[in-house]
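One-based numbering, in listed order, for ligands and for the atoms of each.
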Amino acid sequence: MTHGAENGGGFDGERKMQFLFQLRQKGVTDSRVLTAMEKIDRGDFVRGHFASRAYEDMPLPINSGQTISQPSVVGLMTQALGVQPRDTVLEIGTGSGYQAAILSQLARRVYTIDRHRNLTRDAEVVFTKLGLVNITVLTRDGSHGLPDQGPFDRILVTAAAEDPPGPLLQQLKTGGTMVVPVGQSDAVQTLIKVSRTETGFEYDEIMPVRFVPLVEGTARD
Ligand code: SAH
């Protein structure tokens with residue numbers, strides 16, 4: 001794999017060590033998650049101006065006014081999701097594609113949806129370049145989920161909703177897990193883990209987070 005000059009030297013030994021150290025320090029301890037985050041180079045998902053900051057633990061701007069999440073938040077969300085090797089995972093909010101790429105290392109198949117065609121197009125190019133053949137990218141309003149492909153073992157929402165969207169709850173398998181940030185768009189939100197049991201849904205609070213809002217409808221770009 002060639003690493004772009006854009007991120008100034010790529011994901012090499014020292015930088016990688018530092019990146020993984022930061023993740024562990026923030027509580028990402030699951031070895032499968034750490035291995036996935038070691039394999040996937042965040043520098044492949046950040047372009048232009050901000051590429052030199054790809055390995056810092058901070059969110060960064062991407063196209064269409066959206067953001068690639070902070071690596072430690074990606075790690076903690078992925079850890080909370082508890083993905084198993086045979087799982088089919090649905091992600092709402094492709095953004096840069098970084099989170100989907102990490103999920104692709106842990107699951108059998110990943111469906112990822114964004115409302116911006118601009119973003120899904122770019123993400124697809126990176127997935128192809130990296131040979132991540134178990135990811136399907138779709139442009140649509142993800143709040144309706146993907147009824148034709150469901151139900152899913154795991155659902156990860158990477159944009160904040162006021163409540164977990166009903167269609168997504170319906171598309172979660174019994175025994176399945178959904179992780180979703182809930183709260184008002186401009187206030188502090190809470191990352192919630194929803195577990196579907198035989199009798200209903202259980203909700204656990206994980207941590208305070210801040211995500212861009214889940215917006216209805218498909219975007220013009
Ligand atoms: N997971 C991404 C970051 C997501 S940012 C990454 O790894 O880079 C949140 C994304 O959610 C944005 O790209 C935004 O366009 C998308 N989004 C917001 N509302 C949506 C909706 N209703 N359906 C699909 N995507 C949505």
[atom] [closest protein heavy-atom partner, distance rounded to 0.1 Å]:
| atom | answer |
| --- | --- |
| atom 18 (C) of ligand 1 | Pro213 O, 3.5 Å |
| atom 23 (N) of ligand 1 | Gly142 N, 2.7 Å |
| atom 8 (O) of ligand 1 | Ser96 OG, 2.6 Å |
| atom 19 (N) of ligand 1 | Val215 N, 2.9 Å |
| atom 15 (O) of ligand 1 | Asp114 OD1, 2.7 Å |
| atom 5 (S) of ligand 1 | Thr67 O, 3.2 Å |
| atom 11 (O) of ligand 1 | Gly93 CA, 3.3 Å |
| atom 20 (C) of ligand 1 | Arg115 CD, 3.3 Å |

* Asked: With respect to Val157, which candidate in Val179, Leu90, Val180, Val182 satisfies the side chain to side chain contact (heavy atoms under 4.5 Å, CB included) definition?
  -> Val180

In terms of atom number and element, which parts of ligand 1 are under 4.0 angstrom from non-hydrogen atoms of [X]?
| X | answer |
| --- | --- |
| Ile68 | 8 (O) |
| His116 | 15 (O) |
| Asp141 | 21 (C), 22 (N), 23 (N) |
| Leu119 | 13 (O) |
| Glu91 | 1 (N) |
| Val212 | 5 (S), 9 (C) |
| Leu214 | 18 (C), 19 (N), 20 (C), 21 (C), 22 (N) |

Determine, for [X] against [Y], whether the closest basic-nitrogen to carboxylate-oxygen distance falls under 4.0 angstrom.
| X | Y | value |
| --- | --- | --- |
| Asp221 | Arg117 | no |
| Arg53 | Glu56 | yes |
| Arg115 | Asp141 | no |

* Are Thr94 and ligand 1 in contact, using a heavy-atom cut-off of under 4.0 Å? -> yes

* Test item, Gly217 contacting ligand 1 (heavy atom, 4.0 angstrom) -> no

Heavy atoms, side chains only, cut-off 4.5 Å: are [X] and [Y] in contact?
| X | Y | value |
| --- | --- | --- |
| Ile68 | Val46 | yes |
| Val33 | Met77 | no |
| Gln189 | Pro208 | no |

* How would you list all residue pairs meeting side-chain hydrogen bond (donor to acceptor under 3.5 Å, both in side chains) that involve residues 96-112, not counting sequence neighbours? -> Thr78-Gln99, Thr88-Arg108, Glu91-Thr112, Thr94-Thr112, Arg109-Thr136, Tyr111-Gln149

* To do: Say whether Ile62, considering both its backbone and side-chain N or O atoms, lies within less than 3.5 Å of an N or O atom on ligand 1.
  => no

* **Hphob cluster co-occupancy, Met178 + Ile102, side-chain heavy atoms under 4.5 angstrom** => no

* Are Ile192 and Phe152 connected, step by step, through hydrophobic side chains (Ile, Leu, Val, Met, Phe, Trp, Tyr) whose heavy atoms are closer than 4.5 Å? -> yes

* To do: Measure the acute angle between the ring planes of Tyr55 and Phe19, then classify it against the limits of 30° and 60° as parallel, tilted or perpendicular.
  => perpendicular

* **Check: Thr177/Ser195 side-chain N/O donor and acceptor closer than 3.5 Å** => no

* Structure fact -> Among Gln99, Arg140, Glu216, the residue with a heavy atom nearest to atom 7 (O) of ligand 1 is Gln99

